[in-house]
Amino acid sequence: MTGPGLTVVIPAHNEATYLPRYLPTILASLEQWQKASGEQGEVIVVDNASTDATADMAASFGVHVISETVRNIGRVRNSGAAAAHGQRLFFTDADVALPMEAITAAAAAMDAGAVGGAIPPLYTPKRLGARLLCAYWDHYRTRHGSAQGVAQFATAAAFGEVGGYRDDLFMSEDVDFFTRLTAHGRATAAPVAILDDLRVRPSTRRYDQWSSLRMLWWQNPVTARLRLNSPRMWRHWYETTVR
């Protein structure tokens, strides 16, 4: 029996409430790809020092659950990749809804020669200030060719070549990874693929529960580059659980 052809990696810290809402969309997208390709996939949820029933909830959906106790998102994603058996890797978050076509399209892009890529997010927060901030980042992404970690994918070979996510960064590790993946693609004549015809839908819980000024402080081009390797600087982002 051959191993899985694709692995979905999902970091999860205290996501017992959100997993039942979002994990089914990931499983449905994976199932559609399995039916179309005839291959098998796997889902790995990386329980990141949760204090709730995240691990049990994830296991109840029949996915593989591993543990990573260090609170660093790059390290968590790398732990999932290290446990993966698939030759294609798809990274998303526990509070992200995937469109049905997401995994099929990502796998097709890699099969066509891309080293990886991303699916842009569509955020729909309640407040105008938050919507404007999201619109700015969408414009920034389009202009600079960057991509968020809410839905990034890469071949396992390319992921290894670029060294995965940096675990010395506590923010912007996804942008850093995609920059290095893009450079690797150019060097090997295998460009990244940003699937602009699709959108994933992340939760807007921070935007809806934090003030627009607070979000602007944490999510602007200056702060997003400020002391990225300082756990103290970014402790509020990690320690403040928004539900």
Side-chain angles (χ1 to χ4, degrees), residues 1-31 33-34 39-98 102-103 106-107 110 116 118 148-171 173-174 176-178 181 200 202-203 231 234 237-239 241 243:
M1 180 180 294
T2 59
L6 182 145
T7 301
V8 181
V9 176
I10 307 172
H13 170 72
N14 287 349
E15 297 287 12
T17 300
Y18 273 67
L19 281 170
R21 190 182 312 177
Y22 291 95
L23 185 52
T25 72
I26 298 168
L27 295 175
S29 183
L30 182 64
E31 183 178 5
W33 168 76
Q34 290 177 150
E39 297 186 64
Q40 290 299 306
E42 66 176 348
V43 176
I44 297 177
V45 171
V46 188
D47 179 24
N48 186 209
S50 296
T51 56
D52 67 358
T54 288
D56 290 339
M57 179 59 71
S60 73
F61 284 90
V63 304
H64 182 43
V65 181
I66 66 172
S67 176
E68 172 55 65
T69 59
V70 177
R71 295 280 288 128
N72 174 281
I73 186 60
R75 179 163 177 153
V76 176
R77 291 194 178 114
N78 288 343
S79 294
H85 296 95
Q87 295 306 303
R88 312 172 188 90
L89 304 174
F90 189 102
F91 298 90
T92 189
D93 290 342
D95 64 343
V96 172
L98 297 189
I103 292 175
M110 289 183 277
Q148 295 181 11
V150 291
Q152 293 181 337
F153 53 90
T155 66
F159 187 85
E161 285 290 331
V162 302
Y165 292 89
R166 285 178 55 181
D167 61 9
D168 62 329
L169 301 181
F170 289 84
M171 179 61 76
E173 82 300 324
D174 49 353
D176 169 83
F177 169 74
F178 202 75
L181 184 66
V200 299
S203 160
W234 293 99
W237 190 268
Y238 277 79
E239 293 174 1
T241 302
R243 293 292 178 263

Would you check if Phe91 and Phe159 make a side-chain contact, meaning some heavy-atom pair closer than 4.5 Å?
yes
Atom CD of Glu42 with >12 non-hydrogen neighbours under 6.0 angstrom
yes
Flag, side chain of Ser29 to backbone of Ile103, donor-acceptor distance under 3.5 Å
yes
Verdict with supporting geometry, Val63 and Leu27, side-chain contact (heavy atoms from CB on, under 4.5 Å):
CA-CA 9 Å; Val63 304; Leu27 295 175; 3.9 Å; yes
Separation between CG (Leu30) and CD (Gln40), nearest 0.5 Å, reads 8.5 Å
When you measure from the side chain of Asp93 to the backbone N and O of Asp95, does any donor-acceptor pair fall under 3.5 Å?
no
OG1-CG distance between Thr54 and Leu19, expressed to the nearest 0.5 angstrom
6.0 Å
Indicate yes or no: at least one non-hydrogen side-chain atom of Arg88 is less than 4.5 angstrom from one of Glu39.
yes
Over all atoms of both residues, closest heavy-atom pair of Ala154 and Phe177:
CB-CZ, 4.2 Å
Closest approach of Ile66 to Ser79 (non-hydrogen atoms, all atoms of both residues):
CD1-O, 3.5 Å
Heavy-atom distance under 4.5 Å between the side chains of Arg77 and Gln152, does that happen here?
no
Would you name the heavy atoms of Ala49 and Arg71 that are closest together and state the gap between them?
CB-CD, 4.0 Å
Restricting to non-hydrogen atoms, name the atom on Glu15 and the atom on Ala94 that form the minimum distance, rounded to 0.1 Å.
CG-CB, 3.6 Å
Is the closest side-chain heavy-atom distance between Val200 and Thr92 below 4.5 Å?
no
As a test of understanding, state which of Val46, Asp167, Asp168, Asn48 forms a side-chain contact (heavy atoms from CB on, under 4.5 Å) with Arg75.
Asp167
Does the side chain of Pro24 reach to within under 4.5 Å of the side chain of Phe61, using non-hydrogen atoms?
yes
What is the distance from atom CZ of Phe90 to atom CD1 of Ile10, rounded to the nearest 0.5 Å?
9.5 Å
Donor-acceptor under 3.5 Å (Thr7 side chain, Leu89 main chain)
no
From OH (Tyr165) to CD1 (Ile73), nearest 0.5 Å
8.5 Å
Which distance, rounded to the nearest 0.5 Å, do you find between the CG of Leu181 and the CZ of Phe153?
9.0 Å
Between Asp52 (side chain) and Ala16 (backbone), is there a donor-acceptor pair under 3.5 Å?
yes
To the nearest 0.5 Å, what is the distance between NE2 (His85) and CD1 (Ile44)?
7.5 Å
In terms of heavy-atom contacts, Met57 and Pro20 come closest through SD-CG, 3.6 Å
For Ala59 and Val65 the tightest heavy-atom approach is N-CG2, 3.8 Å
